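Some notes on the structure that comes next.
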Amino acid sequence: MSDVMTSLAYLHGKPTATGCLKAKPEHFFVSETLDFTPVGHGEHFLVRIRKIGENTKYVVNELAKACGVKSRDVSWAGLKDRHAVTEQWFSVHLPGQPDPDLTEFVETHEGIDAILETTRHDKKLRPGDLIGNRFSLVITDFNSDDEIEARLASIRDQGVPNYFGSQRFGRNGNNVVSAREWGQNKFQVRDKSKRSFYLSAARSYLFNQVLSARIESDMVQTPMRGDMLIDSAEQLKLVLDTAKADEWLSKGTWQISGPMTGDNALPTEADARKFEQNIINQEPDLLAVIRSNRMRHDRRALMLYPQDMDWTREEDTLTVSFSLPAGSFATAVMRELIDDTSNGELDAHIDQ
């Protein structure tokens with residue numbers, strides 16, 4: 001696990017169980033769920049592909065060739081890691097053209113396991129067009145005490161910190177290192193892809209630091225005066241009365257949010273703003289990068305609640321399945337469950 005993750009606080013205490021995450025690609029399965037129902041007609045050919053050992057952008061390029069279009073005519077809703085089995089949607093802009101025959105595409109690409117579904121839609125897929133993802137993770141060399149069932153139940157019932165996973169920060173956290181150096185004007189970043197990676201890493205790192213500090217202060221589920229609550233539609237509500245906020249939180253509709261730092265002022269007030277600003281100010285180089293690129297402030301829920309979570313254990317193997325909303329990370333769930341002995345990174349869900 002990269003250094004940017006090891007220092008973060010645990011909600012359920014540091015796990016004592018050990019195991020190997022993703023020893024093989026087939027030990028990590030993820031399936032996308034779109035946030036809309038395709039209309040069945042239109043200029044955009046939608047195809048759901050099961051891939052193994054291939055990254056999203058490689059499939060985009062190869063699918064474009066198979067359909068006789070340019071790569072820019074193929075789009076997707078969410079990036080997925082290469083080292084996994086993923087069921088993923090793509091759209092191809094094919095106005096006035098028939099549905100392509102993808103038989104040869106499957107047969108000539110070892111990493112393309114199957115075409116699961118095809119349809120048409122009147123709009124192309126865009127990043128974020130997902131309601132969530134369904135995961136099934138196989139943990140091998142699993143070793144735990146008798147408390148593991150209780151820990152699994154606690155994760156299911158009480159949730160986990162909504163941390164950004166290690167894949168957001170690059171290998172060994174190098175994207176955060178580069179973002180700091182960029183903020184120190186050690187180099188200029190002209191490549192759009194690198195700029196995006198470094199900015200995302202900077203904002204995600206600051207969010208994780210605020211979240212970790214709230215856990216350590218036992219305030220991750222206790223509202224402060226001036227907090228911003230967030231609901232599933234990303235509407236925000238300012239906390240003026242903490243007793244009233246406790247009532248809103250108890251109904252499960254609202255959650256406490258943390259900062260996705262921008263160049264504008266924090267929308268929180270009073271105690272919450274002071275708490276967040278004190279932590280953010282500890283990273284002036286990351287702040288410099290965010291502000292110089294005019295990033296707009298956003299908010300993200302502090303807690304993550306796995307849905308439809310279940311698990312089975314067979315000797316030294318544990319299989320855990322759950323669904324998560326788009327933009328959240330399976331790593332956040334696994335981090336609270338086991339100490340990963342693989343020394344690898346669980347990179348199968350890159351944020352939407």
Side-chain angles (χ1 to χ4, degrees), residues 2 4 30 32 35 44 49 51 54-67 69-84 86 88-93 111 123-130 133 163-209 234 259-264 280 283-300 326-329 331 345 347-352:
S2 63
V4 293
V30 56
E32 294 180 339
D35 68 355
H44 300 275
I49 294 173
K51 64 182 182 64
E54 299 293 357
N55 66 35
T56 299
K57 291 185 177 179
Y58 171 81
V59 176
V60 165
N61 293 334
E62 295 304 300
L63 182 60
K65 294 175 187 176
C67 295
V69 300
K70 297 184 182 299
S71 294
R72 64 171 178 263
D73 295 319
V74 181
S75 57
W76 61 92
L79 293 173
K80 297 292 179 289
D81 181 59
R82 174 178 180 177
H83 304 292
T86 67
Q88 185 173 359
W89 283 96
F90 298 85
S91 71
V92 186
H93 191 212
K123 296 182 179 66
K124 76 172 187 177
L125 281 181
R126 297 182 183 276
D129 280 346
L130 299 177
N133 297 274
Y163 287 130
F164 286 94
S166 57
Q167 58 269 48
R168 176 58 73 95
F169 306 110
R171 187 169 298 279
N172 299 319
N174 285 340
N175 287 349
V176 179
V177 174
S178 294
R180 287 196 184 105
E181 292 178 348
W182 185 14
Q184 296 165 4
N185 291 317
K186 289 187 176 181
F187 58 82
Q188 295 298 313
V189 183
R190 293 181 174 83
D191 182 272
K192 289 184 179 180
S193 179
K194 287 184 178 180
R195 291 175 72 93
S196 177
F197 284 141
Y198 298 162
L199 285 166
S200 294
R203 301 175 83 206
S204 301
Y205 180 85
L206 292 175
F207 174 87
N208 279 4
Q209 295 304 306
E234 299 187 349
M260 294 299 295
T261 308
D263 70 334
N264 49 326
I280 291 169
E283 290 287 345
D285 298 327
L286 297 184
L287 267 179
V289 165
I290 291 167
R291 287 170 176 167
S292 65
N293 284 274
R294 307 298 303 273
M295 302 298 293
R296 298 296 298 171
H297 189 91
D298 203 353
R299 304 295 293 183
R300 175 181 172 91
S328 53
F329 290 75
T331 44
E345 295 193 8
D347 291 344
H349 181 203
I350 298 177
D351 53 293
Q352 280 60 265

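Quick caveat, the model's predicted, so the values are computed rather than measured.
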Query - From CA spacing to verdict: side-chain contact (heavy atoms from CB on, under 4.5 Å), R296, D263 - result: CA-CA 6 Å; R296 298 296 298 171; D263 70 334; 4.1 Å; yes
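- Nearest approach of A201 to N175, heavy atoms of both residues: CB-CB, 3.6 Å.
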Requested in this report: May I have the step-by-step check of side-chain contact (heavy atoms from CB on, under 4.5 Å) for W182 and S292, ending in yes or no?
Outcome: CA-CA 11 Å; W182 185 14; S292 65; 5.6 Å; no
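- Taking CG from L125 and CD from E32, the interatomic distance works out to 8.0 Å, rounded to the nearest 0.5 Å.
- Closest of all the heavy-atom pairs between N133 and A326 is ND2-CA, 4.5 Å.
- A parallel orientation is assigned to the rings of H44 and H93, their planes being inclined by less than 30° (bins at 30° and 60°).
- Contact detail for Y205 and F169: the closest heavy-atom pair is N-CE2, 3.4 Å.
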Query raised in the report: When you look at L206 and I290, which way does the side-chain contact (heavy atoms from CB on, under 4.5 Å) test go after all the steps?
Result: CA-CA 11 Å; L206 292 175; I290 291 167; 3.8 Å; yes
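- The CZ atom of F197 lies 13.0 Å from the CG atom of N174; values are rounded to the nearest 0.5 Å.
- Taken to the nearest 0.5 Å, the CZ atom of R171 stands 9.5 Å off from the OG atom of S166.
- Using a 4.5 Å heavy-atom threshold, the side chains of K123 and D129 count as separate.
- Within the 4.5 Å cutoff, the side chain of L286 has no heavy atoms near those of the T261 side chain.
- The two residues V59 and I49 make their nearest non-hydrogen contact at CG1-CD1, 4.1 Å.
- Side-chain contact between Q88 and V30: absent, with no pair of heavy atoms (C-beta onward) separated by less than 4.5 Å.
- Counting only heavy atoms from C-beta outward, the side chains of E62 and E54 never approach each other to under 4.5 Å.
- Atom CD1 in I280 sits 11.0 Å away from atom CD in Q209 (nearest 0.5 Å).
- Under the salt bridge (Lys or Arg N to Asp or Glu O under 4.0 Å) criterion, R190 pairs with no residue, sequence neighbours left out.
- For the pair H297 and P259, the minimum side-chain heavy-atom distance is below 4.5 Å.
- R300 contributes a side-chain N or O that, together with a main-chain N or O of G327, makes up a donor-acceptor pair within less than 3.5 Å.
- Residues W89 and W76 fail the side-chain proximity criterion, which asks for heavy atoms closer than 4.5 Å.
- For the ring-ring contact (aromatic ring centres under 6.0 Å, His included) test, residues two or more places apart in sequence or in another chain that qualify with F207 are F164.
- In this structure, CG on N61 lies 9.0 Å from CG on N55, to the nearest 0.5 angstrom.
- Residue pairs meeting the salt bridge (charged side-chain N to carboxylate O under 4.0 Å, His left out) criterion with at least one member in residues 176-186, sequence neighbours excluded: R180-E283.
- D73 has its side chain within reach of K70: a pair of non-hydrogen atoms, C-beta onward, lies under 4.5 Å apart.
- Among all heavy-atom pairs drawn from V4 and G173, the shortest one is CG1-CA, 4.2 Å.
- Smallest separation of non-hydrogen atoms from V92 and C67: CG1-CB, 4.0 Å.
- With a 4.5 Å cut-off on side-chain heavy atoms, Y163 and T331 do not count as touching.
- In terms of modelled atom types and a separation under 3.5 Å, the side chain of N293 and the main chain of M295 share no donor-acceptor contact.
- In this structure a side-chain-to-backbone donor-acceptor pair under 3.5 Å is missing from S75 to R126.
- Atom CZ of F90 is surrounded by more than 12 heavy atoms from other residues, nucleotides or ligands within 6.0 Å.
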